[in-house]
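Have a look at the structure below, then the notes.
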Amino acid sequence: MAKNCQYAEKCIIFEKGIPESDQPKYLIHNIFCTRGYKGWEACKRYKMYEMNIEPLDDIFPGNDEPVETIAKKS
Ligand code: SF4
């Protein structure tokens, strides 16, 4: 059974998906949030939570910038 990311309860992207995106919320869940460790590790928001940094709402899981660069903006 799929297990949710441990940060799902406080993650706005888990709750709402990516605003104005062609990717429906269930797809984001399947790619990142409920996929297990492989999906979580691919998510920039997850990595930020792991660094004890609260990601801004507009940081998306598939952001292609290095997490250190994103973290400086948060
Ligand atoms: S995998 Fe990423 S987008 Fe999904 S709930 Fe966790 S931190 Fe949020």
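For ligands, and for the atoms within them, numbers begin at 1 and follow the listed sequence. Heads up: numbering here begins at 1 and tracks the sequence. Everything numeric here is computed off the predicted structure, so don't read it as measured data. Values reported hereafter were calculated over all heavy atoms of this structure, with side chains retained and with hydrogens, waters and symmetry mates removed.
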- Task: Any atoms of ligand 1 less than 4.0 Å from a non-hydrogen atom of F14? List them with their elements.
- Result: 5 (S)
- Rounded distance [0.5 Å steps], NZ in K25 versus CG in N30: 12.5 Å
- Any donor-acceptor N or O pair under 3.5 Å, side chains Y49, Q6: no
- Message: Within 2.8 Å of atom 8 (Fe) of ligand 1, is there any N, O or S atom belonging to C11?
- Response: yes
- Ligand-residue contact atoms, ligand 1 with P61, heavy atoms, under 4.0 Å: 3 (S)
- Item | N, O or S from C43 under 2.8 Å to atom 6 (Fe) of ligand 1 | no
- Message: Please report the interatomic distance CD1(I59) to CD1(I18), rounded to the nearest 0.5 Å.
- Response: 11.5 Å
- Query: At what distance, to the nearest 0.5 angstrom, does CG of N63 lie from CE of M48?
  - Reply: 9.0 Å
- Note on the structure: So CD1 of I12 and CG of D57: to nearest 0.5 Å the spacing works out to 4.0 Å
- Message: Hydrophobic clustering (ILVMFWY, side-chain heavy atoms < 4.5 Å, transitive) - are L56 and I13 grouped together?
- Response: no
- Centroid separation Y7 to Y46 less than 6.0 Å: yes
- Task: Specify side chain, backbone, both or neither for C33, according to which of its non-hydrogen atoms lie closer than 4.0 Å to ligand 1.
- Result: both
- Message: Starting from atom 6 (Fe) of ligand 1, what is the nearest protein heavy atom, named by residue and atom, and what distance separates them?
- Response: C5 SG, 2.4 Å
- Task: Note the single closest protein heavy atom to atom 7 (S) of ligand 1, along with its residue, its atom name and the distance in Å.
- Result: Y46 N, 3.5 Å
- Item | Numbered atoms of ligand 1 (with element) below 4.0 Å of A8, judged on heavy atoms | 5 (S)
- Query: What atoms in ligand 1 come closer than 4.0 Å to a heavy atom of R45?
  - Reply: 7 (S)
